[in-house]
Structure formats: structure tokens, C-alpha cells
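Remarks on the structure that follows.
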Amino acid sequence: MKGISKHEILIKPGGGFEQYWKDLWNYRELFYFLAWRDILVRYKQTAIGIAWSVVRPLLTMIVFTIVFGKLAKLPSGGAPYPILVYAAMLPWQFFANSLTESSNSLISNAGMLSKIYFPRLIVPTSTVIVSLVDFIISFCILVLLMIWYKFVPDWRMVTLPLFLMLALFAALGFGLWLSALNVKYRDFRYIVPFIVQFGLYISPVGFSSDVVPEKWRLLYSLNPMVGVIDGFRWAILGGETSIYWPGFMISISLTLLIFIFGLRYFRKTERSFADII
Amino acid sequence: MTTAIIVENLGKKYILSHQKRERYTALRDVMAESVKKLGKRIIHPFSGGGLQAHQEEFWALKGVSFDVKQGDRVGIIGRNGAGKSTLLKVLSRITEPTEGSARIKGRVSSLLEVGTGFHPELTGRENIFLNGAILGMSKAEIKKKFDEIVEFAEVEKFLDTPVKRYSSGMYVRLAFAVAAHLEPEILIVDEVLAVGDAQFQKKCLGKMQDVGKEGRTVLFVSHNMAAIEQLCSYAICINSGKVISNGKASDVIVQYLSHNNSGETDLKNRKDRIGNGQIKTTKVLLRNSVGDKTDSIKMGEPFSVEVCYEGSLNNAVVGVIVSNGWIEQLIRAYSYESYPEIINLNLSKFTCHFSNNCLNSGEYSLSIWLGQIGECMDYITDCKKFYIESTDVYGTGKEPSPKGGVVFTEHNWDFGGG
């Protein structure tokens, strides 16, 4: 038997969780295993499996191109309309998937929550990894699209991970908040799909945010996904696409604010999860 | 020896809501509730907050204090709802205490349920890794133990089959096997041995004993007194959220059993009977050598089993069966073998005397069979538990160990000294 470790835990009401962040690090393998499980399970017993993560954004892209590009004839700013839409579909799909998965994650792992100790933060954050895998697969489609349209991106492409990070923070911020609320109020199970559906239309996915009148741009940027999508287009489409900076700054600060408050709310309610779930 | 766990004045309060049937609150209820509260505030502005009419405080644990030394194996006993599981949940940090504190030195692993986090779609192999990680093992550790786990669970052939296609026995075996290979310094175990068939239970108990021998601290909740006595050196008895006794396992168990039972068990409402019900057992009780009702008999002490029944039956056969916690029948006393005359049951009770009690210390249970040759009319298995206390039966000043066999018998030694 190994020597007695220095490990010591003090359990007391409303505290004694100083080692939370250390625990989070100690449980990093669990984080990895949960993500691994979700990826494995995701398309079990489906006929076309992982292709689903390609089919959904591709079909949405085709529909949006026809509706907004061909029928409504909205401007694309020089880039081919399918690429314009797909460049926005990527972060949107990532955001929507992460949000849906993470907000339901605590409920679907209720059994674990009430029987095992681990930093609860692992559950909603690990679900984001699954969406990240989907993102990478759909990104390959973008590359194919670019080859098809003979569209060459410029140096801005390398800044894409930064905008992906922003999308991740936005999804996690909302996700932490909603998952914690979902534990107590199951209403959020119904609210989340609605947010996702609604968000697709109020975010500039099917059209460029340039079509929004100048005086409304600032207000429009209160939607954090506006900043993310604009950033994605700026990085992918290059050329004359520009970012509306005041709006972008608002999106960034709002995203960080939501993330910080989401995290704080999660940490605050976390200790009673096992009792009320 | 150092102390591994210090629990001081630990308490856990739950708020019980009586009206609401849902396990979770809905936003709608909260909104309706706040409007109601606001209304009350306006009508009675100075009544203050406090609990609402349909809510009640419930202390699942209250003022619990005890110490556990490093390397001790401690059993926690008590009736259903006494607070045992809550205590384990607090100690394993799943839920927070309302008051008091607990200090734990060493790496803790808790096993409150077998197979937590098992995913039905994943294969046995995948689930071993997943479950291991959930229980706090590292990937390297699981890899090292993988073969051992598979061998223990006896599922080699089905490693790559999704566990949803497993039989329930295989599922449980695999789950326990993973848990059994944990190597924490402190192991917290809730009633998880009550799974699988008798043979596998034995294997689990053996594994648990090995864990104890390796010098780990074990906290073990069980309703199986035989398992507690075999496994644990100390025991804590909890009732209504309070510690009522704490000390040597056998003492605490005897005290628990004598406190909790008057020696008789009412069977009128037992539903799990076999037979056509022409005659029915209504009550079973145990008497010691002086005729007192009890649940606890000393080793070697004669005892009798009294069975009350309703209905009458001519040409009857009755049977009293004694079995131990592992479902093996140890004594089968059937009247057609041991009582030569014809029996007519019409006096509402009969007694079976066991004058030569050779049971070793531990927990046992009785089953009662009523009927005629070739026809079962009422058979209730495990209808009464009782306990055999260890005593100095050989008169040497030493009490035989509970691990020393299921039965004992008087014996003499001859070392050739003439």
C-alpha cells in the first residue's frame, strides 16, 4: 500500500470547496471519457451514422441559398451565396448543438449526479467537444465548397480559431446557465429548442448583416452570435467583407459577461444539484 | 494509528413539500407561488417568512459525530430511512451537509450504486473504461487492471457486445467487477452486495475482505448482518438520523437486533407466498432457552420456532427451514421425516424445538412450509431473520470467529498423550 497521501478534504456547509479547481484538473480524464462516450453513442444504430453531421448543415445551406439568395435576391458582397451561408452555418450549427446538448446534459446524467462526486462543470463542458467534432466534419464540406466555386481565402482564414473560441464561450455561457436552470425548472427543456429555432432567423445566417439598416446595427449586435458570424464571414470570405467594429465589441463583451455570470450561477447552484434533480 | 475520518455534529436537512407531486418544480408553480406570497405580504405585512404551509423540515441526519481510524472497516447499520445513505452521500461529497463538518484524510472512492454511468449502447469493453473513469480511476490504472476485471466479471465472450444485450446478471457482474478493482485509501460502499446470484455474492464478499486486508479504510452500509460481521471490525448504528450505538461490530449488531424487534414477525400481509392458501402462516416467533421472545440466540443455546396459522388441515406436513444470508438451506426440519404420527392442524399454532443448536454466529433466516405430501399450501421464504451471537461455547475463554464455518460441533482433541 502506498503511503498515506496528504490529500485531505473538509466537508462543511456552504464551503470547503477551495480545491474545486484542483479537482477539476484531477478529473480531466473523466472529461475526456464523457466526451468520448457522447461521440461513440451519438450515431449508434443509425444507418448513415456520422454523415448526419454533414447532411443537416448542407440541406439548411441549400434552402437558405434558394430562399435568401435566389428568391429574395439579397446581396452577398461578392462571395458566392452558398459559401456566404455556409460560413455562417458553421458557427451557428456549432452554437446551436452545444447549447442544446449542454443544457440537457445535467438531466441526462442525473443518475451520475446523484451517485458520484465530481466537479459538475465537467458534464456541460464535455458535451461541447461533441459539437466540436461535428464542426470539424462540416468544415471539410466548406473546403469542398470552396474548391467547387474556386474560391481562394486569404490570410484572415488563420484567425478563424479565435472566432470559434468566441462561439464556444457564447455557447458555454448560455449552456451553463440553462443546464443549471434546467435542473430546477424543467421548463427550459422546452425553451431551449425554441431559442435555437428563433435564433436561426434573428442571427445573420441566411443573409449578410450588411442588409440590416445602419441605425439598427448596434442594437442588432446585442445578439452575441452576430459578432461570431460576422467574424466567421470576415475570416472565411476575405476580400471586401468588413466587420462592424462597435457592434463586434458589444458582442464580445456581452459574450464574456454571459460566460462569467453563467459560470458563477452554475457554481452557486451546483452544490444542491444532487438534492433537487 | 491516524484517524481517517472525523465527523463532527453533522446534520442534513431537507424541506419536504406535501402538496406537490412533481419531483422538480416548474416555473409556473414558482410564479403562482410568488404571486400568492406577495398577496399574503400585502394582507399580513408583518408575519415574516418561514416555511410555507405545505412544507416541512426533515432532518435526515442530526448531530452525527464519530471517528474512523485509518485501516478500520466500519459497518453502518440501521433500518430503512434511518439516514445511512444520506450519511454516505454527505461523506462522498455528493450532497452538502446543512451543519457540522467532516474531515477526510486520503483519496475517497464511493460506490453507492453498481454500474453508475454505464451506457447501454456501449460495449462491455467501453463501459469498463467509462465506468472506471467515473469512479475515479485513471486510464493507465484501468488498462493495467483490465484483464483482472474481465476475469472477475466472467464476461470474456461478450466484451464487444453492447451491454444493453447483456443479461441482468452479466451486467451487474461487470459493474461490480469494475468497482471492486478500485484502489482508494478510503472506500465508501452502500448496499451493493445484494446483487447477483449466491455464488457471485460470495465472490464479492471475498473481494471486499481482500480490500479490507490491504489496510484500506472501508465504510460499508448493509442490511445483511452476516456480511457486516464478516467484513467489519466496528459498526455504527443509526436511527432517525442519529447515532445510537457505536463500537465492536458484534455488540452493535446484537443491540440493533434486540432493539428493533420484539422477536415476532407478523406475516398476515406478506404477499410473496407460494401455495394454494388453504392454510396460512400468520406469525412466526423465536424463543430462547428460557422461553423469552427474541431475535438473538447464543451459540449452542436451544431455541424454538413458534408458528401461528389460520385455517385448519388434516393429515398435514409442516416444515421449518433455516438458511443463511447466502441462500443456502442449512436445516430442513420437515414433520413427515421427523414426526411419525399424523398431524391435524387446528390449534392455530405449533412449535418446533431445536435443542441441539449447532449454528455458528451470524445472521440466519427462517422459511415456513405448510401443506400435505405432494401439495404446497403456504410457503414463505425468508419470513424471519434471526441472529446467533458468538459466545465461549468451548469453555476456553475464546469466542469462535464468525468466519470459522457455518456450523460448529463439540469436538475433542487427541495428541497421543494417552
Side-chain angles (χ1 to χ4, degrees), chain A residues 1-17 19 23 26-34 36-38 40-45 107 109-120 122 181-191 270-277, chain B residues 2 4 7 10-12 14 22-30 70-71 89-108 110-113 116-123 126-127 129-139 162 183 185 190 214-216:
Chain A
M1 165 119 198
K2 291 164 274 175
I4 308 145
S5 70
K6 299 281 179 290
H7 204 99
E8 189 176 326
I9 315 160
L10 177 67
I11 299 168
K12 63 172 198 241
F17 287 88
Q19 69 272 51
D23 270 353
N26 289 336
Y27 277 85
R28 62 191 182 280
E29 283 205 349
L30 180 60
F31 173 84
Y32 156 76
F33 271 111
L34 286 183
W36 171 76
R37 174 195 72 179
D38 289 343
L40 275 182
V41 166
R42 186 98 194 253
Y43 297 113
K44 280 256 161 115
Q45 268 199 10
I107 307 295
N109 288 298
M112 263 172 69
L113 248 56
S114 55
K115 295 291 179 196
I116 299 280
Y117 167 79
F118 55 90
R120 275 40 172 137
I122 288 176
L181 281 167
N182 214 348
V183 170
K184 197 160 185 195
Y185 308 110
R186 298 292 151 97
D187 305 66
F188 286 90
R189 206 163 32 181
Y190 307 105
I191 295 174
E270 183 180 9
R271 55 189 55 149
S272 59
F273 282 172
D275 293 336
I276 55 178
I277 200 157
Chain B
T2 49
V7 175
L10 205 64
K12 172 78 186 171
Y14 286 103
E22 283 135 307
R23 196 155 142 240
Y24 49 86
T25 42
L27 201 56
R28 156 178 64 89
D29 298 334
V30 174
Q70 201 232 318
K89 273 192 176 180
V90 171
L91 291 181
S92 36
R93 289 196 287 169
I94 292 162
T95 174
E96 228 183 21
T98 314
E99 57 177 36
S101 69
R103 197 177 284 277
I104 299 178
K105 284 176 202 154
R107 250 185 74 191
V108 184
S110 51
L111 186 58
L112 302 194
E113 182 189 62
T116 308
F118 258 47
H119 199 291
E121 296 284 353
L122 296 181
T123 65
E126 290 162 344
N127 265 313
F129 280 94
L130 178 67
N131 192 234
I134 287 171
L135 294 173
M137 279 195 258
S138 70
K139 199 176 172 186
E183 280 190 344
E185 287 155 318
D190 203 348
E214 285 159 23
R216 286 175 228 285

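Protein chains get the first letters and strands the later ones, always in sequence-line order, with residue 1 at the start of each.
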Chain A contact via Tyr14(B) - side chain, backbone, both or neither, heavy atoms under 4.5 Å =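 The answer is the side chain of Tyr14(B).
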
Residues Lys139(B) and Glu29(A) bridged, charged N to O under 4.0 Å = no

Answer yes when Asp275(A) and Lys184(A) have at least one side-chain N-carboxylate O distance shorter than 4.0 Å, and no when they do not.
-> no

If you count heavy-atom pairs under 4.5 Å between each of Val90(B), Val7(B), Leu122(B), Val108(B) and chain A, which one has the most?
->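 Highest number of pairs under 4.5 Å: Leu122(B).
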
Partner chain A: residue of Ala4(B), Ala102(B), Ser138(B) with the largest heavy-atom pair count (under 4.5 Å) =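 Of the options given, most contacts go to Ala102(B).
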
Just checking, Arg120(A) and Phe273(A): is the charged tip under 6.0 Å from the six-membered ring centre and within 45° of the axis?
-> no

Side chain, backbone, both or neither of Asp23(A) within contact of chain B (heavy atoms, under 4.5 Å) = side chain

Region of Ile122(A) that comes under 4.5 Å of a non-hydrogen atom in chain B =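 Neither part.
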
If the plane angle is over 60° it's perpendicular, under 30° parallel, otherwise tilted; pick one for Phe33(A) and Trp36(A).
-> perpendicular

Thr2(B) versus Lys105(B), side-chain donor and acceptor atoms under 3.5 Å =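 Side chains of Lys105(B) and Thr2(B): no pair found under 3.5 Å.
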
Using a cut-off of under 4.5 Å for heavy-atom pairs, which of Ile116(A), Leu181(A), Leu30(A) has the most such pairs with chain B?
->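 Ranked by heavy-atom pairs under 4.5 Å with chain B, first place is Ile116(A).
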
